[in-house]
Amino acid sequence: SVKFDWQDPLDSKSLLTEEELAISETAERYCQERMLPRVLQAYRDENYDAAILSEMGELGLLGANLDGYGCAGASTVASGLITRAVERVDSGYRSGMSVQSSLVMGGIHTFGTAEQKDKFLPGMAQGKLLGAFGLTEPNHGSDPGSMETTARPHPTKKGYLLLSGSKTWITNSPIADVLMIWAKLQETGKIRGFLVERKDCPPGTLETPAIKNKNGLRASITGMIHLDDCPVPEAHMFPDVEGLTGPFTCLNSARYGIALGTMGALEDCIERTRTYAMERKQFKNNPIAKYQLVQKKLADAATDAAYGTLAAIQVGRLKDEGKATPEMISMIKRQNCDRALWNARVLQEVFGGNAVSDEYGIGRHVANLFVTQTYEGQSDIHSLILGRAITGLQAFV
Ligand code: TGC
Ligand code: FAD
């Protein structure tokens, strides 16, 4: 007879292919066996272990939905199942891989020349070459179209441009070998994408200081990027893409990964809360899991995780068929991040005073999930993207 499975209430597994199930299993095993044991200390020390990316590379988990260059060529849903496995452990670890896989590798794969792809993608797929994605600036976050970073022709060196400006809140920037920088061509004012290689930057032209003392996403490394007349060969500019379409196309993939990823974090919150509530006894030796108010919290969270997962699988399928719109991705990114954060905050209550101890893990997810609601388009910005699509009226300005 068919039984209700509280860990997969709407049987999302039945929608997955054999290959997707196998990739998901490999990712879950790696994350639980190799990542989970180090996350608490990493979070306490605010220390990102870059070896994680090379370990994931060895397992074929980076850029998994890309074809060629040592990538697995799997489906969009498969890549989302990997982010879900990683984010079940920690959103910061998922951040490190989202930037590598979706933003930087995905951008090079979509917009790069044959030479750029050959040069960067195989090393990035192995996690030996690390990437960062520089869009946000100190004065322009939700509105990247107003960016101030510029690229001007090199006055003396033919075939080179000079990049100047600052980017902030950039995941992986302090450790990245390749920095994808979005800047306006001084001549045209149009946004273009550049691949800056740290090893080729003369001293003083590229600085990437870490941003320390974060109160969320502490297992991920975040920093700034300062460019001071940093020379970059014209051959490292994406040849054809112009305007915000470039960075936003990369963001479509990364936002998709976050939508399924946050469901992993929420599922971990549910599992931790259920375990705790079954063991913790109050009032006549009853487990607190027996009380209706606690059960409602678990029911709400399990429902949101199940709905969010199904919606993300549907959008992933449409994406592979070329039928997904950016608004669909805004919808699942916004909804899944918001519901994961809301439920995690409510489930935290079940732990009573112990919620304050980092050993229970729930507080770490709550702090991380605030960040997921903020980056790659804050939820209210996604509301406005949806509102514009619904009414035809834009409310940004
Ligand atoms: P708008 O007029 O809407 O669009 C400008 C041009 O861009 C095109 N476009 C898209 N193309 C592909 N995919 C999308 N999702 C696209 N959205 C827009 C659009 O067609 C247009 O093209 P064209 O040819 O007509 O010029 O531009 P706007 O300036 O009015 O934009 C407004 C808004 C709010 C939608 C946009 O600026 C926005 O999404 N803001 C949020 C910023 C954001 O998401 N930043 C993310 C930074 S990266 C990051 O956070 C990484 S964290 C990673 C981690 O650690 O996991
Ligand atoms: P602001 O744009 O100043 O927004 C502040 C508030 O105002 C938000 O609530 C927003 O919704 C609201 N708001 C703004 N405009 C409007 C409007 N028109 N109507 C209504 N409300 C509005 N960026 C990168 O480029 N690469 C990265 O790798 C990266 N990694 C990150 C890692 C971390 C840990 C964090 C915290 C951020 C990262 N970001 C990265 C930056 C992130 O994308 C931005 O923080 C985000 O886009 C919001 O921009 P902002 O912080 O400047 O906020």
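Both counts, for ligands and for their atoms, begin at 1 and track the order of listing.
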Hey, does the side chain of [X] reach the backbone of [Y] with a donor-acceptor pair shorter than 3.5 angstrom?
{"X": "Ser12", "Y": "Asp8", "answer": "no"}
{"X": "Thr374", "Y": "Phe370", "answer": "yes"}
{"X": "Arg218", "Y": "Tyr43", "answer": "yes"}
{"X": "Asn65", "Y": "Ala74", "answer": "no"}

Among all protein heavy atoms, pick the one closest to [atom] and tell me residue, atom and distance.
{"atom": "atom 41 (C) of ligand 2", "answer": "Thr136 OG1, 3.3 Å"}
{"atom": "atom 39 (N) of ligand 2", "answer": "Trp169 O, 3.0 Å"}
{"atom": "atom 5 (C) of ligand 2", "answer": "Ser142 OG, 5.0 Å"}

Apply side chain to side chain donor-acceptor pair (under 3.5 Å) to the pair Asp300 and Asn343, showing each step before the final yes or no.
-> CA-CA 7 Å; Asp300 286 343; Asn343 283 292; over 6 Å; no
Met97, Tyr48: one ILVMFWY side-chain cluster at the under-4.5 Å cut-off?
-> yes
Same apolar cluster: Tyr30 and Ile23, side chain cutoff 4.5 Å | yes
Modelled atom types, side-chain donor and acceptor of Gln373 and Asp338, under 3.5 Å | yes
Between [X] and ligand 2, is there a nitrogen or oxygen pair with a distance under 3.5 Å?
{"X": "Phe133", "value": "yes"}
{"X": "Thr222", "value": "no"}
{"X": "His140", "value": "no"}
{"X": "Gln378", "value": "yes"}
{"X": "Thr168", "value": "no"}
{"X": "Lys214", "value": "no"}

4.0 Å protein heavy-atom contact status of [atom], strictly under:
{"atom": "atom 3 (O) of ligand 2", "value": "no"}
{"atom": "atom 12 (C) of ligand 2", "value": "no"}
{"atom": "atom 25 (O) of ligand 2", "value": "yes"}
{"atom": "atom 51 (O) of ligand 2", "value": "no"}
{"atom": "atom 7 (O) of ligand 2", "value": "no"}

Using a strict cut-off of 4.0 Å, indicate which atoms of ligand 2 neighbour a heavy atom of [X].
{"X": "Glu376", "result": "43 (O)"}
{"X": "Tyr375", "result": "31 (C), 32 (C), 33 (C), 37 (C), 38 (C), 42 (C), 43 (O)"}
{"X": "Ile170", "result": "24 (C), 25 (O), 26 (N), 27 (C), 28 (O)"}
{"X": "Leu135", "result": "25 (O)"}
{"X": "Phe396", "result": "18 (N)"}

Looking at Glu376 and Lys333, does any basic side-chain N land under 4.0 Å from a carboxylate oxygen?
-> no
Arg34 and Glu28 ion-paired at < 4.0 Å | no
Residues passing the salt bridge (charged side-chain N to carboxylate O under 4.0 Å, His left out) test with Asp358, sequence neighbours excluded, are Arg44
Please tabulate, one pair per line, all N/O donor-acceptor pairs under 3.5 Å involving side-chain atoms of residues 117-129, not counting sequence neighbours.
from: Lys117; atom 1: NZ; to: His109; atom 2: O; distance (Å): 3.2
from: Lys119; atom 1: NZ; to: Glu197; atom 2: OE1; distance (Å): 2.8
from: Gln126; atom 1: OE1; to: Lys128; atom 2: NZ; distance (Å): 3.0

With a 4.0 Å heavy-atom cut-off (strictly under), which part of Leu384 contacts ligand 2: side chain, backbone, both or neither?
-> side chain
Side chain, backbone, both or neither: the part of Leu217 lying under 4.0 Å from ligand 2 by heavy atom | side chain
Apply side chain to side chain donor-acceptor pair (under 3.5 Å) to the pair Thr222 and Lys214, showing each step before the final yes or no.
-> CA-CA 9 Å; Thr222 319; Lys214 290 178 292 180; 2.7 Å; yes
How would you list, by chain and number, the residues with a heavy atom under 4.0 angstrom from ligand 1?
-> Arg94, Ser95, Ser98, Val99, Leu103, Phe133, Leu135, Thr136, Gly141, Ser142, Pro144, Thr171, Leu244, Thr245, Phe248, Thr249, Leu251, Asn252, Arg255, Pro326, Tyr375, Glu376, Gly377, Ile381, Ile385, Arg388, Phe396
Show the atom names and distances, to 0.1 Å, of all donor-acceptor pairs under 3.5 Å that link a side chain in residues 258-272 to residues at least two apart or in another chain.
from: Thr262; atom 1: OG1; to: Ile258; atom 2: O; distance (Å): 2.9
from: Thr262; atom 1: OG1; to: Ala259; atom 2: O; distance (Å): 3.2
from: Glu267; atom 1: OE1; to: Arg88; atom 2: NH1; distance (Å): 2.7
from: Glu267; atom 1: OE1; to: Arg88; atom 2: NH2; distance (Å): 3.0
from: Asp268; atom 1: OD2; to: Arg272; atom 2: NE; distance (Å): 2.7
from: Asp268; atom 1: OD2; to: His365; atom 2: NE2; distance (Å): 2.7
from: Glu271; atom 1: OE1; to: Gln7; atom 2: NE2; distance (Å): 3.4
from: Arg272; atom 1: NH1; to: Tyr360; atom 2: O; distance (Å): 3.2

Report the residue from Lys319, Arg317, Lys323 that forms a salt bridge (Lys or Arg N to Asp or Glu O under 4.0 Å) with Glu321.
-> Lys323
Start with the C-alpha distance between Ser357 and Asn354, add both sets of side-chain angles, then the distance that settles side chain to side chain donor-acceptor pair (under 3.5 Å), and finish with yes or no.
-> CA-CA 5 Å; Ser357 159; Asn354 283 333; 6.0 Å; no
